[in-house]
Amino acid sequence: MARGKLRIYLGAAPGVGKTYAMLAEAHRRLERGTDCVVAYVEHHGRPRTETLLHGLEQVPRRRLEHRGVSFEEMDVDAVLRRAPAVALVDELAHTNVPGSRNTKRWQDVEELLAAGTDVVSTVNIQHLESLGDVVESITGVRQRETVPDEVVRRADQIELVDMSPQALRRRMAHGNVYQPDKVDAALSNYFRPGNLTALRELALLWVADRVDEHLNAYRSEHRVSRIWGSRERIVVGLTGGPEGRTLIRRAARLAEKGAGGEVLAVYIARSDGLTAASPKELALQRTLVEDLGGTFHHVVGDDIPAALLAFARGVNATQIVLGSSRRKAWQYVFGPGVGATVARESGPDLDVHIVTHEEVAKGRGLPVARGSRLGRGRVVAGWATALAGPALLALLLNAVDLGLANDMLLFLAVTVAAALVGGLLPALASAALGSLLLNFFYTPPLHRLTVSDPRNIVAIAIFFGVGMAVASVVDLAARRTHQASRLRAESEILSFLAGNVLRGETSLEALLERVRETFAMESAALLERAGDLEPWTCAGRAGLGPPLERPEDADVDMPVGDHMALALTGRVLPAEDRRVLAAFAAQAAVVLDRRRLKAEADRAGALAEGNRIRTALLAAVSHDLRTPLAGIKAAVSSLRSDDVAWSEEDRAELLEGIEEGADRLDHLVGNLLDMSRLQTGTVTPLIREIDVDEVVPMALVGVPEDSVGLDVPETLPMVAVDPGLLERSVANLVENAVKYSPPGRRVTVSASALVDRVEVRVVDRGPGVPDEAKDRIFEPFQRYGDAPRGAGVGLGLAVARGFAEAMDGTLTAEDTPGGGLTMVLSLRAARPGLEPSRAGEAETAEQERQPQ
């Protein structure tokens with residue numbers, strides 16, 4: 001069955017009209033005859049949204065009970081049985097009530113899509129998982145209901161529902177978003193103009209990035225090489241010289257002038273390009289460009305201008321920033337330079353900026369190695385010297401008679417010059433032509449290609465041999481220089497690669513992207529298989545359209561062992577590049593192995609932690625569970641004995657012992673179960689508004705009378721907590737404090753407000769805890785000091801901290817002035833307008849449970 005298509009309406013904040021747009025789309029599809037149903041949509045009492053629900057078939061919801069409260073959720077089974085063509089599912093990031101089929105609503109949507117049903121859904125930008133920290137820094141509130149970015153990115157269509165902050169605040173003021181009693185609080189908190197503007201920018205940039213991905217995929221698929229200036233991308237050409245930092249800052253200022261501008265710094269390592277780079281300077285420039293929000297790229301290229309332009313066109317850049325040449329005036333005789341060449345060949349769609357700096361015309365240091373052989377310019381000059389030089393010299397010597405010895409030395413000088421400029425072949429041509437001219441014009445018999453004197457034959461042969469020897473030495477030196485320069489470039493790349501891998505800074509995908517970028521390929525993938533007859537699977541990939549089935553389908557196939565291969569598409573690499581590629585392939589295999597070893601280590605660590613907890617549990621039940629059971633057993637046996645006539649006082653004492661043992665067992669088993677829930681991550685708080693003075697007194701039930709003093713003002717702000725978890729936390733803290741308090745000294749439970757938090761303090765006058773042990777007492781199965789075995793298994797404080805963190809609170813220990821220990825339980829104050837989370841998550845009304 002074909003997978004269904006997902007369409008998402010994305011907004012910057014609640015109230016922009018996502019649900020309204022989704023329902024309007026449903027009516028349009030119904031008019032076209034599409035089978036469309038409402039799987040789950042919340043109108044939140046908004047008349048216009050509720051009106052759009054009329055005329056749409058709604059699948060009955062599933063009702064669930066959680067902690068005595070009834071909730072409604074989408075009935076996935078009912079939707080699957082109905083099997084519509086299109087299903088409307090609101091609030092993609094919603095967390096389902098415990099007991100539902102899936103934990104998250106986006107997982108419900110995945111089931112519908114897998115069944116072939118198209119889904120139309122809504123989500124706010126703040127619910128994307130990768131933006132949680134950014135949204136928290138803007139709004140001051142941590143998002144708890146999130147959806148993985150990949151789920152949204154995989155959507156077939158994403159439509160941005162946009163509204164200006166001013167228009168959204170007007171809608172809010174008119175009562176079109178929230179109930180009237182919540183409007184003022186919302187406008188002064190979450191819906192401030194600055195918050196809405198920042199969230200709107202996030203939404204616009206996120207959608208723009210996804211559009212850019214589709215654009216790059218289209219350009220690659222249709223092989224579009226011409227630059228489309230859809231957004232500003234500025235490429236900075238670095239030489240590794242000190243001027244690089246100036247260029248990077250200049251490019252960053254240019255990028256700031258355009259919305260969504262990007263800076264891409266590129267260093268092209270080759271034998272005859274820009275001056276040799278300083279690794280230290282390159283590292284500083286890399287750090288600088290990343291601090292400014294750009295990216296650094298290291299590319300191997302045979303020709304600096306061509307490689308730089310190819311990179312710029314490959315990333316669809318609109319501008320290139322280069323520094324003014326550091327060459328001195330006389331050095332321009334060797335060519336116009338990289339900047340002038342790039343500017344000349346950039347074309348009309350790519351702007352080139354030449355930036356001045358302090359290093360202009362200060363020289364480029366020692367000459368760098370030339371490219372393969374001697375470069376086109378030198379070869380052309382060598383051939384011109386080889387062909388024109390002997391002819392011009394012959395014309396000159398015909399007018400002046402210098403003697404055969406001098407004539408031969410002059411022709412030899414021309415041959416050496418051709419060898420120095422053009423290498424072996426021009427020198428051979430010059431030697432051959434010079435020999436013929438010497439024989440024809442200056443060796444008797446004249447004007448004939450014969451030699452009568454044997455000594456002249458020896459002289460001509462020596463002349464020819466010296467020319468070839470000089471040419472061979474020049475050509476060999478050029479080749480060796482080229483090899484040394486290429487090896488230097490390769491060593492820089494490999495050193496950089498090895499350093500990142502050894503420090504664990506490179507993921508497999510980032511490494512494959514580096515491979516693709518370094519060799520200017522379209523895609524790179526690491527394929528592996530279990531055996532010779534097993535199918536290939538992709539362990540990691542980068543780029544568009546990598547080969548996923550067989551390495552043989554790629555343009556370049558680099559084996560890594562017997563059952564792994566690095567496959568690249570884009571072009572065929574020369575043999576000299578495969579040496580570096582082999583190192584990349586080996587490093588990719590190392591990164592993959594390390595990732596798997598880390599996963600295995602994590603699993604082993606989890607198993608070890610589980611074994612430690614199970615061992616501690618066994619140690620705990622060996623005594624702490626048996627002691628109350630033994631007491632209960634003895635008391636019951638005594639009461640049932642017919643040999644002793646128990647008085648009413650004795651009977652009451654035995655019954656009291658049974659009750660105390662049962663209470664102790666109940667408390668112990670409750671803590672063990674709570675600890676297991678915390679260890680397995682199954683604690684899901686049901687957050688709601690409540691006053692602290694309603695919960696704390698309930699936590700004191702069961703402690704001895706007159707052992708606790710209570711100081712909780714009624715004027716404290718309400719807190720956003722799970723009342724049950726808060727009660728258990730405070731009860732454990734009070735029980736621990738009473739246990740260690742000296743006789744006659746009361747434990748004090750007080751509460752106070754601090755900014756947007758409410759602190760509950762449990763103060764005792766016991767022996768206290770040293771600073772180095774304050775964190776350790778919150779670990780499971782830890783009992784401080786010489787506490788006797790009967791003092792418990794050491795779970796009370798661990799459970800209390802786990803419950804506090806589950807409610808977005810903190811629990812810390814402080815010294816009590818004058819001696820003792822103070823437990824500080826910090827809770828999040830409820831913001832005005834907080835609504836209960838149907839999934840048990842703590843969210844503000846401005847963020848969560850609002851129409852999408």
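What you are looking at is a predicted structure, and each value in this text was computed from that prediction instead of being measured. Residues: numbered from 1 along the sequence shown.
- Looking at N102 and N96, their side chains never bring a donor and an acceptor atom within 3.5 Å of each other.
- Judged by distance alone, with hydrogens and angles left aside, the side-chain atoms of R828 form no donor-acceptor pair with the main-chain N or O of G809 at under 3.5 Å.
- By the 6.0 Å contact criterion, CD on E653 is open, its count of non-hydrogen atoms from other residues, nucleotides or ligands being 12 or less.
- For the residue pair S741 / D764, no side-chain donor-acceptor distance below 3.5 Å is found, with atom types taken as modelled.
- In this structure, R728 fails the cation-pi test against F803, since its NZ or CZ atom is not both closer than 6.0 Å to the six-membered ring centre and inside 45 degrees of the ring normal.
- The existence of a salt bridge linking R144 and E136 is excluded, since no basic side-chain nitrogen approaches an acidic carboxylate oxygen closer than 4.0 Å.
- Remark: side-chain polar atoms of E110 are not paired, donor with acceptor, to backbone N or O of W106 under 3.5 angstrom.
- Checked by atom type, the side-chain pair E73/H94 shows a donor-acceptor distance below 3.5 Å.
- In this structure R595 satisfies the salt bridge (Lys or Arg N to Asp or Glu O under 4.0 Å) test together with E509, sequence neighbours excluded.
- Shown here are the salt bridge (Lys or Arg N to Asp or Glu O under 4.0 Å) partners of R761, two or more places apart in sequence or in another chain: E759, E814.
- Every side chain to side chain donor-acceptor pair (under 3.5 Å) that T822 has, sequence neighbours left out, goes to T816.
- Every residue meeting the side chain to side chain donor-acceptor pair (under 3.5 Å) condition with R63, not counting sequence neighbours, appears here in chain and number order: S70, E72.
- R757 is linked by a side chain to side chain donor-acceptor pair (under 3.5 Å) to S826, counting only residues two or more places apart in sequence or in another chain.
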For this session: May I have the step-by-step check of side chain to side chain contact (heavy atoms under 4.5 Å, CB included) for L811 and S729, ending in yes or no?
Result: CA-CA 10 Å; L811 177 60; S729 297; over 6 Å; no
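- Side-chain atoms of N124 never come within 3.5 Å of backbone atoms of H127 as a donor-acceptor pair (strictly under, hydrogens ignored).
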For this session: Determine, step by step, whether T748 and R746 satisfy the side chain to side chain contact (heavy atoms under 4.5 Å, CB included) criterion, reporting the C-alpha distance in whole Å, the side-chain angles of both residues, the deciding distance to 0.1 Å, and the verdict.
Result: CA-CA 6 Å; T748 302; R746 301 178 67 186; 5.6 Å; no
For this session: Tell me, with the steps shown, if R105 and D108 meet salt bridge (Lys or Arg N to Asp or Glu O under 4.0 Å).
Result: CA-CA 5 Å; R105 183 165 292 164; D108 297 336; 5.2 Å; no
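- A pairwise comparison of heavy atoms in L199 and I125 identifies O-CG2, 3.8 Å as the closest pair.
- Environment of CZ in R48: sparse, with no more than 12 heavy atoms of neighbouring residues, nucleotides or ligands closer than 6.0 Å.
- Within the structure, salt bridge (charged side-chain N to carboxylate O under 4.0 Å, His left out) contacts touching residues 706-715 (residues at least two apart or in different chains) do not occur.
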